[in-house]
Amino acid sequence: MTDFTPVIRIMTLPPNTDHSATKTEITSMVDYNLNISRGAYEFISEPYPASCTLSLFFDENIVPDIELGSWVEIQIQTSSLTYEVLQAGNVTNRTSSYRNFGIIGFVLEWQFVITSTISLLQNTNYYVDTYTEGVADALIPFIEEHSTAFNWFAINRNLTWADYGPDSWANVDTTRLVDFPAITYGTSAIDQALDAGLHDTWSDLVAITYGIYGWIIESADNSLAFYFGESPLVSTLTFTADMINPDLRGGDKFESLRNQITITKYDAGLTTYYENESVALYGDRTGSLDTYIINQADVDTVGQKILNSMAYPLLSTEQISVNLLNPIFTNVQRDLLLTDPLGYRVTVQAPEPMGGTQDYLTIGCNYTINKNAFILDLTLAPISQAFNSINWDQVPYNYTWTSYGVAFPTQEWQDL
């Protein structure tokens, strides 16, 4: 158990500047408030663009060195006395206002809205020259490469060559190269396809990932990690009852169930899957999924995964809140929650009305930070949604016990 006194600094860069350049620190404020929101609201939804509302307070009239389009990094000092990114992004809105202080005094408040580069991807197109097939871990870097290529249609129609001075065409605009997030990804065995033509970058990244029942995690520095459920996670942290604030939330609801799912293949073919017992118990809880999957067998696998995960209710904890000023956390635990709390398997020792002790995947977070508070809210998804167990419908009809590489009769059901 360790005490914690937050040390935060605000670092900035002018618009369209390489993020590795030397940053300017904002030092003249007398106070600050931060609210950071990142991740997804539920497991089957892609992450929203991370957003940070940063309020800086000054006791003099000043215009801080943060303009629209500036790159801002909010950094926090970890237990190793190094600074790590708490949230980063581009400024999309700024406002200034006065607050009265005492009888004749005032405080100037500058408020900045900082948005992650997912919002850039949502407004980025790329071109596919010819019909292209591949697994997800081949198509994602393909999209990245083609999305960072600068195209004629992206040029402001009022600009001329003279506006760029002596630069060559290759140097005309590096915005996409500067702001395009770093990407990592796992491996997948499911073949997918992209048609020739103009595509939306973010829509395709989402379809390629969530179409095979994977998920995307955005980190504080705006980097993106793509997971395809290829290997189960080991629990990273246990939240004991004395770590969790009392305002945790649990439950289960009809709107989270899917017992009838219609999946669209790459060629527009439709297949609908049912979990009949769930339908009898809870009525039709329908959903649909558009994919780029080529092979019907892979569509069948995805359909069964969704039914395995979502056909039946599970009383579980939906959100927990922790106070990172609480000395109950070790340095290792707190550093993890400060800088990169999403995409981990965690164990939550919740009361029985909130589902009891279960394992979860952390899919969303919200920080509320000022000089007197450091609260982290975590949105959770039951780990069974991400890594569900196999059922008989997913076993190919022509498989035998020896098809799995363990000789009968020593093979067990879990070996499947």
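- The two residues Gly69 and Asn90 make their nearest non-hydrogen contact at O-ND2, 3.3 Å.
- In plain terms, the two heavy atoms of Tyr48 and Cys365 that are nearest each other are OH-O, 4.2 Å.
- A donor atom on one side chain and an acceptor atom on the other are found under 3.5 Å apart for Tyr273 and Asp300.
- The two residues Tyr312 and Ser278 have their closest heavy-atom pair at OH-N, 3.4 Å.
- Side chain to side chain, Ser321 and Asn245 meet the donor-acceptor criterion of an N or O pair below 3.5 Å.
- In this structure, the side chains of Ile62 and Ser28 come closer than 4.5 Å at one or more pairs of heavy atoms.
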Dump the intermediate steps for side chain to side chain contact (heavy atoms under 4.5 Å, CB included) on Ile190 and Val135, then the final yes or no.
CA-CA 6 Å; Ile190 296 179; Val135 293; 5.9 Å; no
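- Met310 places none of its side-chain heavy atoms less than 4.5 Å from the side chain of Leu257.
- A heavy-atom distance below 4.5 Å is not found between the side chains of Asp59 and Val107.
- Annotation: the span from Ile261 atom CD1 to Thr272 atom OG1 amounts to 8.5 Å, rounded to 0.5 Å.
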Test side chain to side chain contact (heavy atoms under 4.5 Å, CB included) on Tyr126 and Leu194 and set out the steps.
CA-CA 12 Å; Tyr126 73 102; Leu194 297 171; 3.6 Å; yes
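- In terms of modelled atom types and a separation under 3.5 Å, the side chain of Ser203 and the main chain of His199 share no donor-acceptor contact.
- Counting heavy atoms from C-beta on, the side chains of Thr238 and Gln349 come closer than 4.5 Å.
- A donor-acceptor contact shorter than 3.5 Å is absent between the side chain of Thr12 and the backbone of Val72.
- With no hydrogens or angles considered, no side-chain donor-acceptor pair links Tyr292 and Asp195 at under 3.5 Å.
- Inter-residue side-chain proximity for Phe57 and Arg99 is flagged as met; some heavy-atom pair is nearer than 4.5 Å.
- Checking side-chain atoms of Ser147 against main-chain N and O of Glu145 turns up no donor-acceptor pair under 3.5 Å.
- Between the side chains of Asp359 and Thr347, at least one donor-acceptor pair of N or O atoms lies under 3.5 Å.
- A heavy-atom distance below 4.5 Å is not found between the side chains of Glu84 and Gln75.
- Side-chain contact between Thr124 and Asp200 is absent, with no heavy-atom pair separated by less than 4.5 Å.
- A distance of 10.0 Å separates CD1 of Ile244 from CG of Leu378, quoted to the nearest 0.5 Å.
- A centroid separation of 6.0 Å or more is found between the aromatic rings of Tyr185 and Tyr227.
- A donor and an acceptor atom, one from each side chain of Thr262 and Ser288, are nowhere located under 3.5 Å apart.
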Intermediate values then yes/no, salt bridge (Lys or Arg N to Asp or Glu O under 4.0 Å), Glu275 and Arg285
CA-CA 10 Å; Glu275 177 56 55; Arg285 302 297 159 187; over 6 Å; no
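- Both the sub-6.0 Å distance and the 45° axial angle are satisfied by Arg9 relative to the ring of Tyr83.
- Thr264 and Asp290 share a donor-acceptor pair across their side chains, judged by distance under 3.5 Å alone.
- The minimum heavy-atom distance between Ile208 and Ala136, with the atom names listed, is CG2-CB, 3.7 Å.
- A side-chain N or O of Gln296 and one of Thr271 form a donor-acceptor pair less than 3.5 Å apart.
- Aromatic ring pairs are classed by plane angle as parallel below 30°, tilted from 30° to 60° and perpendicular above 60°; the pair His146 and Phe142 is tilted.
- Annotation: side chain of Trp71 is not in contact with side chain of Pro15 (no heavy-atom distance under 4.5 Å).
- A donor-acceptor pair shorter than 3.5 Å can be found between the side chains of Thr240 and Asp242.
- Rounded to the nearest 0.5 Å, atoms CG (Asp377) and CD1 (Ile375) are 7.5 Å apart.
- Thr78 contributes a side-chain N or O that, together with a main-chain N or O of Thr82, makes up a donor-acceptor pair within less than 3.5 Å.
- Across Ser116 and Glu218, no two heavy atoms sit closer than the pair OG-OE2, 2.7 Å.
- Checking Ser20 against Asp18 by side-chain atom types alone, a donor-acceptor pair falls below 3.5 Å.
- A donor and an acceptor atom, one from each side chain of Tyr274 and Asp284, are nowhere located under 3.5 Å apart.
- Remark: side-chain polar atoms of Thr339 are not paired, donor with acceptor, to backbone N or O of Leu86 under 3.5 angstrom.
- For Ser309 and Gln385, the side-chain atoms include no donor-acceptor pair closer than 3.5 Å.
- Centroid-to-centroid, the aromatic rings of Phe239 and Tyr360 stay 6.0 Å apart or farther.
- The aromatic rings of Tyr213 and Phe43 sit perpendicular, their planes meeting at an angle over 60°, well past the 30° parallel limit.
- At a cut-off of 3.5 Å, with distance as the only test, a side-chain donor of Thr92 or Thr115 sits close to an acceptor on the other residue.
- The closest donor-acceptor contact from the side chain of Asn326 to the backbone of Ile328 lies under 3.5 Å.
- Closest of all the heavy-atom pairs between Leu376 and Leu324 is CB-CD1, 4.3 Å.
- Between the side chains of Ser45 and Glu42, at least one donor-acceptor pair of N or O atoms lies under 3.5 Å.
- Aromatic pair Tyr210/Phe228: ring centres not closer than 6.0 Å.
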